[in-house]
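This report refers to the structure that appears directly beneath it.
Every number for a ligand or one of its atoms is a count from 1 in the order of the listing. Keep in mind the model is a prediction, meaning the values are calculated, not measured.
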Amino acid sequence: MVQMDFKSNHNSPVLTDQVPVHKSRLRMSSIMPPAATFSSSLFLNIPRRKNLSGKLDDVRASSWLDAMKASSPPSKKLNKEINLDTVPDETDSEYFSWLMKYPSALSSFEQIMNFAKGKKIALFLDYDGTLSPIVDNPEHAFMPSAIRFAVKNAAKYFPTAIISGRSRDKVHGFVGLKELYYAGSHGMDIVGPVRDSESVASHPNCIRSTDEQGKEVNLFQPASEFLPMIEEIFRSLIENTKDIIGSKVENNKFCVSVHYRLVDEKNWDVIAQRVLEILKNYPRLRLTYGRKVLEIRPIIDWNKGKAVEFLLESLGLSNSDDVLPIYVGDDRTDEDAFKVLGEGNKGFGILVSSVPKESHACYSLTDPSEVMEFLRSLVRWKKCELGAAHLLT
Ligand SMILES: O=P(O)(O)OC[C@H]1O[C@H](O[C@H]2O[C@H](CO)[C@@H](O)[C@H](O)[C@H]2O)[C@H](O)[C@@H](O)[C@@H]1O
């Protein structure tokens, strides 16, 4: 059942995930995360009232400016096969104590697989920053073919879904693999499989449809009624930011991204002010942020975590002790998925980051090339497991 959250009294900015997280998470005996201790999505509730004092507006914009400055590590471009956004500094003790809390999923691979023995792994992968390196132009966030190959191979052995902030069509276009499931718009646009007995079909906004190959699928779009509103605000954001050099507004179907990666830092407050000003007219939309991007989306009780639950249900893999869902992602919106998997030890999250960040994930990988390595290791492990099972029969 989709719960709509139309809050009406949005008077002040609420930075809900500014609180640093939990104690040490070095888990040598268990792979599961401790109980979640902070709320995951940072959002600003936009005020309905228009008669706010300019002072309050300034405070809001400066809160956002702080968040924007902290939203992505500085880029250290490397001339490598797969261009990395950043690399860990080997002399950085802060980074190494962070690694104790979020051990590398590669170094801890054996430990993870001990837990996975006899279980069916389901893979959930974010796109930008996870499968494709962060680049300046969002239209050029291509997936290296070696990573595509690793994902394709993994999908032969494990049900695999991409869960992205992009529109579903766009991320499908970038990944280009028909054997995967796709959820776009931060999980607000899902195409999932149809099964004989299923409860997902009873979700409001879930309809039967056919995919490009003519196969019957479930199409779930919990924010479908927001489509005209998102179109409208998209046009308004384009119009109102067109003079800010380097800004880019991206229509992600059920949400909109306002990119400021290429905007001169001295104009970041201008872009934040403009976005906030427009949002005042849309009390049913909220603002979150990611890596050098402001994201405008409907206020509904839906996120990447709920999308993971929906897909598990669609795949017939929910409420089952012999299923191990793994979610790999790099950004704030992925925290909702890490949190869902952490609750009740359903599965675990892997945070892709080369700089210390608090997270609900259990493990870490530095960049997309390590994600590729991890996927390859999973496939090797599965092949061995299947080979051993074959020898026993
Ligand atoms: O959930 P995701 O798939 O990670 O999508 C989140 C946002 O990703 C994209 O922006 C990010 O990647 C761009 C390309 O590397 C980069 O230029 C930008 O600065 C990053 O924020 C996408 O363009 C956004 O629409 C998504 O919201």
Side-chain angles (χ1 to χ4, degrees), residues 40-43 67-75 77 82-86 124-144 147 151 161-175 180-190 230 233-234 237-238 241 246-263 265 268 271 275 286-298 302-308 327-338 349-353 357 359 361 365 367-368 371:
S40 61
S41 69
L42 179 149
F43 65 90
M68 286 161 80
K69 283 182 179 162
S71 78
S72 194
S75 189
K77 290 275 161 58
I82 293 168
N83 184 25
L84 310 180
D85 191 38
T86 55
F124 298 94
L125 308 168
D126 167 53
Y127 184 70
D128 289 281
T130 297
L131 296 179
S132 73
I134 292 293
V135 292
D136 286 345
N137 183 346
E139 304 304 321
H140 294 170
F142 304 114
M143 190 175 169
I147 300 189
V151 175
I162 306 290
I163 305 194
S164 171
R166 304 263 194 168
S167 74
R168 180 167 49 81
D169 284 350
K170 199 183 247 181
V171 75
H172 194 159
F174 274 133
V175 176
L180 312 182
Y181 303 103
Y182 291 88
S185 310
H186 296 294
M188 289 181 283
D189 187 7
I190 308 180
I230 293 290
I233 198 168
F234 169 65
L237 286 163
I238 288 199
T241 56
S247 68
K248 181 172 173 58
V249 186
E250 186 182 7
N251 189 339
N252 289 333
K253 191 159 181 173
F254 295 106
C255 45
V256 179
S257 290
V258 180
H259 293 273
Y260 58 92
R261 184 170 290 277
L262 294 179
V263 173
E265 197 169 333
W268 287 5
I271 205 163
V275 172
R286 67 183 169 116
L287 187 59
T288 58
Y289 70 85
R291 300 177 73 174
K292 303 262 192 298
V293 67
L294 294 171
E295 291 165 331
I296 292 101
R297 54 158 108 185
W302 198 263
N303 54 42
K304 287 187 174 186
K306 301 247 175 181
V308 166
Y327 186 103
V328 191
D330 72 314
D331 214 343
R332 289 185 171 268
T333 57
D334 300 311
E335 291 296 330
D336 293 316
F338 296 152
I350 301 176
L351 175 68
V352 182
S353 180
K357 275 185 195 174
S359 175
L365 290 167
D367 54 51
V371 174

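- The protein heavy atom nearest to atom 17 (O) of ligand 1 is V135 O, 2.5 Å.
- Looking at S247, its side chain does come within 3.5 Å of a backbone N or O of T241 through a donor-acceptor pair.
- Each of the atoms 3 (O) of ligand 1 lies under 4.0 Å from some heavy atom of Y127.
- At distances below 3.5 Å, not a single donor-acceptor pair connects side-chain atoms of Y182 with backbone N or O atoms of V175.
- With a 4.5 Å cut-off on side-chain heavy atoms, E295 and C255 do not count as touching.
- N137 contributes a side-chain N or O that, together with a main-chain N or O of E139, makes up a donor-acceptor pair within less than 3.5 Å.
- Applying the 4.0 Å criterion to heavy atoms of E250 picks out, from ligand 1, the atoms 22 (C), 23 (O), 24 (C), 25 (O).
- With salt bridges taken as basic N to acidic carboxylate O contacts below 4.0 Å, one links K304 and D126.
- In this structure, Y327 and F124 have parallel ring planes: the angle between them is below the 30° cut-off, well short of the 60° mark.
- Of the candidates H186, K304, E295, R261, it is E295 that places a heavy atom closest to atom 7 (C) of ligand 1.
- Inclusion of S257 in the set of residues having an N or O under 3.5 Å from an N or O of ligand 1 is warranted.
- At the shortest separation from atom 20 (C) of ligand 1 among protein heavy atoms lies R291 O, 3.2 Å.
- Checked against a 3.5 angstrom limit, the closest N/O atoms of V293 and ligand 1 fall outside it.
- With rounding to the nearest 0.5 angstrom, the CG atom of D330 is 7.5 Å from the CG atom of D128.
- Every N/O-N/O distance between D334 and ligand 1 stays at or above 3.5 Å.
- Under the 4.0 angstrom criterion for non-hydrogen atoms, P133 is in contact with ligand 1.
- Atoms of ligand 1 found under 4.0 Å from any heavy atom of N252 (numbered from 1 in listed order, with element): 25 (O), 27 (O).
- For atom 8 (O) of ligand 1, the choice among D126, V249, D128 with the nearest heavy atom turns out to be D128.
- Regarding atom 10 (O) of ligand 1, its nearest protein heavy-atom neighbour is H259 CE1, 3.5 Å.
- Residue-level proximity to ligand 1 for D136 is carried by the backbone, the only part with a heavy atom below 4.0 angstrom.
- To the nearest 0.5 angstrom, D169 atom CG is 6.0 Å from K253 atom NZ.
- L294 CG to W268 CH2: the interatomic distance, rounded to the nearest 0.5 Å, is 10.0 Å.
- For ligand 1 and G165, the ligand atoms under 4.0 Å from any heavy atom of the residue are 1 (O), 2 (P), 3 (O), 5 (O).
- Contacts between S164 and ligand 1 below 4.0 angstrom, taking non-hydrogen atoms only, involve backbone and side chain alike.
- Ionic pairing of E265 and K292 is not present here: no N-O contact between side-chain nitrogen and carboxylate oxygen is shorter than 4.0 angstrom.
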